[in-house]
A.B. asks: 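So that we are looking at the same thing, I have put the structure below in structure tokens.
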Protein chains: 4
Amino acid sequence: MFRLQERSATPIYEQIVEQMKALVAKNVMQSGDKVPSVRELSSMLVVNPNTVSKAYQELERQGVIETLRGKGTFIAESVAPPMAEERLMKLKDEMNRIAVEAKHLGLEREEFIEMVKQACEVWWRDDES
Amino acid sequence: MFRLQERSATPIYEQIVEQMKALVAKNVMQSGDKVPSVRELSSMLVVNPNTVSKAYQELERQGVIETLRGKGTFIAESVAPPMAEERLMKLKDEMNRIAVEAKHLGLEREEFIEMVKQACEVWWRDDES
Amino acid sequence: MFRLQERSATPIYEQIVEQMKALVAKNVMQSGDKVPSVRELSSMLVVNPNTVSKAYQELERQGVIETLRGKGTFIAESVAPPMAEERLMKLKDEMNRIAVEAKHLGLEREEFIEMVKQACEVWWRDDES
Amino acid sequence: MFRLQERSATPIYEQIVEQMKALVAKNVMQSGDKVPSVRELSSMLVVNPNTVSKAYQELERQGVIETLRGKGTFIAESVAPPMAEERLMKLKDEMNRIAVEAKHLGLEREEFIEMVKQACEVWWRDDES
DNA sequence: GTGGTCTAGACCACT
DNA sequence: GTGGTCTAGACCACA
């Protein structure tokens with residue numbers, strides 16, 4: 001379910017955040033679903049519980065999960081995501097960074113957009129409607 | 001020419017790398033153009049020379065600039081960019097990460113692609129061909 | 001009568017304490033009124049009886065309710081509230097905390113006081129005297 | 001400068017957050033002032049560096065301080081505070097909680113408001129204009 | 001059982 | 001020197 005890369009430059013807790021968000025985006029996990037407890041996931045991934053905890057706190061700040069006192073942690077309903085404006089601006093920045101890199105790698109505009117469209121297929125599937 | 005944000009989470013040397021690459025992508029700087037020396041740029045940006053040096057090393061590693069002994073540093077000809085495969089894979093990874101974030105922010109597939117296209121306008125302009 | 005938020009950071013038993021105190025402050029419940037038994041309330045709110053029990057213990061400690069052996073639990077007469085001095089000091093502390101936060105949010109002194117006055121309307125109504 | 005209460009129910013890192021915000025509200029610390037480094041403050045307060053770090057990260061999220069890579073941490077310019085709406089709602093909630101407690105302690109409306117005004121004197125002083 | 005807090009001590013990237 | 005990340009292991013409040 002989760003695959004961590006020890007050697008990667010992106011910290012472990014961020015990898016957990018990203019992968020959890022990916023699972024939600026793919027509808028593998030949905031509103032109300034229980035996520036593994038901090039201790040469970042930490043032993044599954046063979047990382048320190050604090051690391052998982054940090055990831056969960058970040059996910060909660062982003063409105064992806066919510067914790068019910070003593071009961072555990074669950075996928076949140078996706079209403080208005082917090083800090084939406086700042087996050088959208090950051091998104092555009094990263095988009096530009098990627099476009100620049102794509103051009104440096106010699107991709108043409110059409111090739112790049114085709115690549116984006118292919119990526120989209122995974123995250124926006126018709127069968128969700 | 002360069003605008004650094006000390007507050008930003010991205011390290012300064014990386015900001016220099018990105019902005020230099022952006023200038024090249026926009027054709028503001030072209031093959032053979034001389035780039036400022038480490039000392040010049042570091043005093044222009046009021047940053048530590050080591051920081052600029054680190055940025056230049058990274059740019060050279062990416063094939064964006066090249067140093068000619070005793071003559072200075074120049075924008076390189078864009079032939080086959082080094083490490084193309086790894087960089088392309090990384091590009092796709094980041095594309096996916098961004099798509100996931102876009103979906104979490106409530107964007108529809110079409111809105112996201114529209115955003116990408118708009119970003120492209122800046123980097124692939126007709127007048128270059 | 002009671003509205004609990006499982007998501008909230010404040011523990012459930014504290015929410016019960018606060019809401020019971022709010023009902024008394026609004027004169028919805030008055031001296032001598034019977035409050036639901038621990039079992040009743042716990043099944044009404046769908047929470048663990050221990051949680052309600054803990055709330056009632058706290059309310060009794062604060063002199064809000066009192067238990068009469070075999071007869072049940074009732075709203076207490078509001079005479080001298082216990083631990084008044086400590087609680088008053090704590091009140092002032094929290095007042096200061098809130099004022100600091102208000103200033104950080106950019107409120108002016110007058111705006112803040114106006115906000116306080118509006119809050120007061122709910123709790124000190126003329127019709128009680 | 002900072003006074004921590006080991007026994008208090010409020011966690012140490014939160015006490016640090018509150019006291020730093022209080023110093024800023026009182027204009028003891030102003031935009032651009034350097035705050036002690038994590039290590040400095042942790043040894044001053046005899047707490048673990050991680051605890052101070054957690055406090056600083058929370059302060060950064062609230063827009064109170066900002067870190068300049070490798071240079072240290074500084075009081076931020078107070079522009080639009082992040083999450084302003086949510087924080088304002090929380091402020092009103094806490095205001096109500098405090099008003100209820102005040103009434104339970106037997107304060108009259110006027111006494112309560114007088115108390116608030118006195119608290120304000122400390123945080124909104126005329127000499128700031 | 002759950003998550004939250006704290007300590008001690010280590011390593012790393014950035015400037 | 002700065003802050004950021006991670007580990008190991010402890011204690012506590014809540015349900």
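First the proteins, then the strands, lettered A, B, ... as listed; each starts at 1.
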A.B. asks: List the steps and the verdict of salt bridge (Lys or Arg N to Asp or Glu O under 4.0 Å) for C:E94 and D:R97.
C.D. replies: CA-CA 10 Å; C:E94 288 178 338; D:R97 250 198 44 239; 3.3 Å; yes
A.B. asks: Looking at E:dT2, I'd like to know if its phosphate oxygens (OP1 or OP2) sit under 4.0 Å from a side-chain N or O belonging to A:T73.
C.D. replies: no
A.B. asks: Across nucleotides 7-15 of chain F, 5' to 3', mark each nucleotide with B, S or - according to how protein heavy atoms within less than 4.0 Å reach it.
C.D. replies: BBB----SS
A.B. asks: Over how many whole Å does the gap from B:Q5 atom CD to E:dT15 atom P extend?
C.D. replies: 14 Å
A.B. asks: Measure the distance from CG on D:L45 to P on E:dC6 and round it to the nearest whole Å.
C.D. replies: 12 Å
A.B. asks: Is it true that atom NZ of D:K90 has more than 12 heavy atoms of other residues, nucleotides or ligands lying nearer than 6.0 Å?
C.D. replies: no
A.B. asks: Let's test this: given Watson-Crick or G-U wobble pairing with both distances under 3.5 Å, identify the partner of F:dC14.
C.D. replies: E:dG1
A.B. asks: State, to 0.1 Å, how close D:P82 and D:R87 come at their nearest heavy-atom pair, and which atoms those are.
C.D. replies: O-NH1, 3.1 Å
A.B. asks: Measure the distance from CD1 on B:I16 to P on E:dC14 and round it to the nearest whole Å.
C.D. replies: 13 Å
A.B. asks: Considering just the side-chain nitrogens and oxygens of A:Q57, establish if one lies under 4.0 Å of OP1 or OP2 belonging to E:dG3.
C.D. replies: no
A.B. asks: Rounding to a whole Å, what distance do you find between A:E58:CD and F:dG4:P?
C.D. replies: 13 Å
A.B. asks: Count the heavy atoms of every other residue, nucleotide or ligand shown that sit under 6.0 Å from CD of B:E86, and state whether that count exceeds 12.
C.D. replies: yes
A.B. asks: Show me the pairs that pass salt bridge (charged side-chain N to carboxylate O under 4.0 Å, His left out) and involve residues 57-70 of chain A, at least two apart or across chains.
C.D. replies: A:E58-A:R61, A:E66-C:R7
A.B. asks: Has A:M89 got more than 12 heavy atoms of other residues, nucleotides or ligands less than 6.0 Å from its CE?
C.D. replies: no
A.B. asks: Please report, rounded to the nearest Å, how far the P atom of E:dG4 is from the CD atom of A:E66.
C.D. replies: 13 Å
A.B. asks: Send over the distance from D:L59 CG to F:dG3 C1', rounded to a whole Å.
C.D. replies: 14 Å
A.B. asks: Using whole Å, report how far CD of B:Q15 lies from P of E:dC14.
C.D. replies: 12 Å
A.B. asks: How close do D:M29 and D:V35 get, heavy atom to heavy atom, and via which atoms?
C.D. replies: CE-CG1, 4.3 Å
A.B. asks: Among F:dT5, F:dT2, E:dG3, which nucleotide sits nearest the side chain of A:S37?
C.D. replies: E:dG3
